[in-house]
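Read the structure below first, then the notes.
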Amino acid sequence: MSQPPDLSIVMTIVDGGAVLTRCLDALSTQQGDARFEVLIPYDHISQEARELAARYPQFDFIDLGKILDGTVPKNPLEMHAFYDTRRAEAMKRARGRLIGIIEDRGVPDPHWAETMIRLHVEHPHGVIGGAVTNGVNRLWNWAIFFCDFGRYQPPLSEENPEYVTDTNIVYKRDAIMSVRTLWEVKYQEAQVNWALRDAGVGLMLTDAAITEQLRPKVSIGSLAAERLHWARMFGQVRAREITRGQRLKLCLAMPLLPFVLFLRHFRRQVAKGSHVGRYIAAAPLTLFLLVCWSVGEFIGYVETRPKAG
C-alpha cells in the first residue's frame with residue numbers, strides 16, 4: 001500500500017498451525033471496504049509461521065529471529081513473554097491510524113475490521129475492545145471461557161472498564177503511541193490500558209465487534225500451569241500499581257478469592273441471561289481454575305516490590 005491503512009492488525013501466535021491458519025482465513029475473507037494490514041510476528045520458536053507466507057502474500061510475516069536471548073520457554077510465564085515481545089515488535093512496525101491486536105485462537109467475525117474502524121470514527125475513545133464468545137462446546141472450554149472472557153461476552157456495552165482483553169482490542173494510534181515507553185519492549189495490556197485510563201484516555205467495550213474463541217483441547221496439567229503463571233504475571237503487574245498496604249490486604253484475602261470470583265462469574269451469567277446451565281455444569285472445573293489463578297496471583301504479589309506507602 002502506498003498510503004497507510006486505516007487499521008493495522010497484530011496477530012499474536014499462541015497455538016500456531018491449523019489454529020493460526022483458520023484465523024488468517026477469517027482475516028483474508030473480511031467483508032466490506034476496510035483498508036487494513038495484518039502483521040504476523042514470529043521468532044525462533046515459531047518458525048513454522050514462515051511456511052504460511054506464500055499462502056497469504058497480502059499479509060506481512062515478520063521474522064524476528066532470535067528474541068529473549070534465544071531462550072526456549074520452560075513454563076507459561078516465560079511463554080507469555082514471547083507473546084508480549086512479538087506484539088511489541090509488530091506494533092512498532094504498524095502503519096495504520098488504528099492499531100489492533102487479536103490472537104490466533106480468537107477468530108474475528110466477517111465484519112470485524114470494518115466495524116472496529118467505524119467505531120473509532122463514531123466514538124472519541126482511544127481504546128475500544130470487542131466482545132468474545134466461546135465456539136467449542138466442551139466443559140473445559142466453557143470453564144476457561146467463564147474465567148477468562150466472561151466479562152467480555154455479549155450483551156456488552158461499557159464505558160471506561162477496568163479491563164479490555166488483548167485478544168480483541170483496537171487503539172487509536174495517538175493513544176497507544178503516547179505510552180510507547182510502556183510497551184516498546186513487551187506489551188502487557190493491563191499496564192498499558194491502566195496508564196491510558198489514568199491519563200484520561202477513554203476506554204470502551206462493545207459487542208459490535210466479536211471474536212470467537214476456538215481453543216484446541218489441552219491437558220489439565222497444562223491448564224493448571226497456565227492459570228497459575230498467567231495469574232502470577234497479573235499479580236506482578238498489579239503489585240507495581242498498588243501500595244504496600246493494599247498488597248498486604250490482597251494477600252490476606254487470597255484464600256477467599258476463588259470463591260469470590262466464582263460467585264462473581266455466576267452473577268454475571270445470571271445478569272446476562274446466558275449460559276447459566278453451562279456455568280453450573282462446569283462449576284467444579286471453573287472453581288479448580290480459579291484456585292490455580294488465586295495461588296498464582298498471590299505468588300505475583302509476594303515476589304514483586306510494590307509502590308511505597
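Both backbone and side-chain heavy atoms feed into the values below; hydrogens, waters and symmetry mates do not.
- Chaining together hydrophobic side chains whose heavy atoms lie under 4.5 Å apart places Val107 alongside Val136, Leu214.
- When hydrophobic residues (I, L, V, M, F, W, Y) are linked wherever their side-chain heavy atoms come within less than 4.5 Å, the members clustered with Phe288 are Leu139, Trp140, Ile144, Val218, Ile220, Leu223, Leu285, Leu289.
- Pro216 pairs by the side chain to side chain contact (heavy atoms under 4.5 Å, CB included) definition with Asp15, Val19, not counting sequence neighbours.
- Listed by first then second residue, pairs satisfying ring pair (Phe, Tyr, Trp, His ring centres under 6.0 Å) with a partner in residues 81-102 read His44-Phe82, His80-Tyr83, not counting sequence neighbours.
- Applying the side chain to side chain contact (heavy atoms under 4.5 Å, CB included) rule to Ala113 yields the partners Leu7, Gln30, Ala34, Phe36; only residues at least two apart in sequence or on another chain are considered.
- Using a 3.5 Å distance cut-off with no hydrogens or angles, the side chains of Trp112 and Asn168 do pair a donor with an acceptor.
- In this structure, Ala190 and Val237 approach most closely via the heavy-atom pair CB-CG1, 4.3 Å.
- At a threshold of 4.0 Å, the pair Asp148-Arg227 counts as salt-bridged, since one of the basic side-chain nitrogens sits closer than that to a carboxylate oxygen.
- Leu77 shares a hydrophobic cluster with Met233; the chain of contacts runs through ILVMFWY side chains whose heavy atoms sit under 4.5 Å apart.
- Tyr301 and Cys251 get closest at one heavy-atom pair: CB-SG, 3.7 Å.
- Residue pairs meeting the side-chain hydrogen bond (donor to acceptor under 3.5 Å, both in side chains) criterion with at least one member in residues 263-273, sequence neighbours excluded: Gln153-Gln269, His265-Arg268.
- Taken from SG in Cys147 to CH2 in Trp142, the straight-line distance is 13.0 Å, to the nearest 0.5 Å.
- Side-chain contact between Asp60 and Ile40: absent, with no pair of heavy atoms (C-beta onward) separated by less than 4.5 Å.
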With side chain to side chain donor-acceptor pair (under 3.5 Å) as the test, would you mind laying out the steps for Gln236 and Glu303 before giving the verdict? CA-CA 7 Å; Gln236 292 172 351; Glu303 66 185 359; 2.6 Å; yes
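- For Lys249, there are no side-chain hydrogen bond (donor to acceptor under 3.5 Å, both in side chains) partners, not counting sequence neighbours.
- Between Glu78 and His229, the closest side-chain pair of non-hydrogen atoms is not below 4.5 Å.
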Show your reasoning for whether salt bridge (charged side-chain N to carboxylate O under 4.0 Å, His left out) applies to Lys66 and Asp43. CA-CA 6 Å; Lys66 290 186 177 180; Asp43 49 58; over 6 Å; no
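- Using a cut-off of 4.0 Å between Lys/Arg side-chain N and Asp/Glu carboxylate O, Arg215 and Glu226 are scored as salt-bridged.
- Hydrophobic cluster of Leu248: the remaining members, joined at side-chain heavy-atom separations below 4.5 Å, are Leu252, listed by chain and number.
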Distance-only donor-acceptor pairs under 3.5 Å for side chains of residues 206-213, two or more places apart:
unit_1 : atom_1 : unit_2 : atom_2 : d
Thr206 : OG1    : Ala208 : N      : 3.1
Asp207 : OD2    : Leu156 : N      : 3.0
Gln213 : NE2    : Glu103 : OE2    : 3.3

N/O donor to acceptor pairs below 3.5 angstrom from side-chain atoms of residues 174-186, sequence neighbours left out:
unit_1 : atom_1 : unit_2 : atom_2 : d
Ser178 : OG     : Ala175 : O      : 2.5
Trp183 : NE1    : Ile176 : O      : 2.9

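- Taking the side chain as every heavy atom from C-beta outward, Arg86 and Thr12 never approach each other to under 4.5 Å.
- Residues Asp166 and Tyr187 bring no donor and acceptor atom of their side chains to less than 3.5 Å of each other.
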Indicate every side-chain donor-acceptor pair of residues 192-204 with a distance under 3.5 Å to a residue at least two apart or in another chain.
unit_1 : atom_1 : unit_2 : atom_2 : d
Asn193 : OD1    : Tyr171 : OH     : 2.7
Asn193 : ND2    : Glu189 : O      : 3.2
Trp194 : NE1    : Glu162 : O      : 3.1

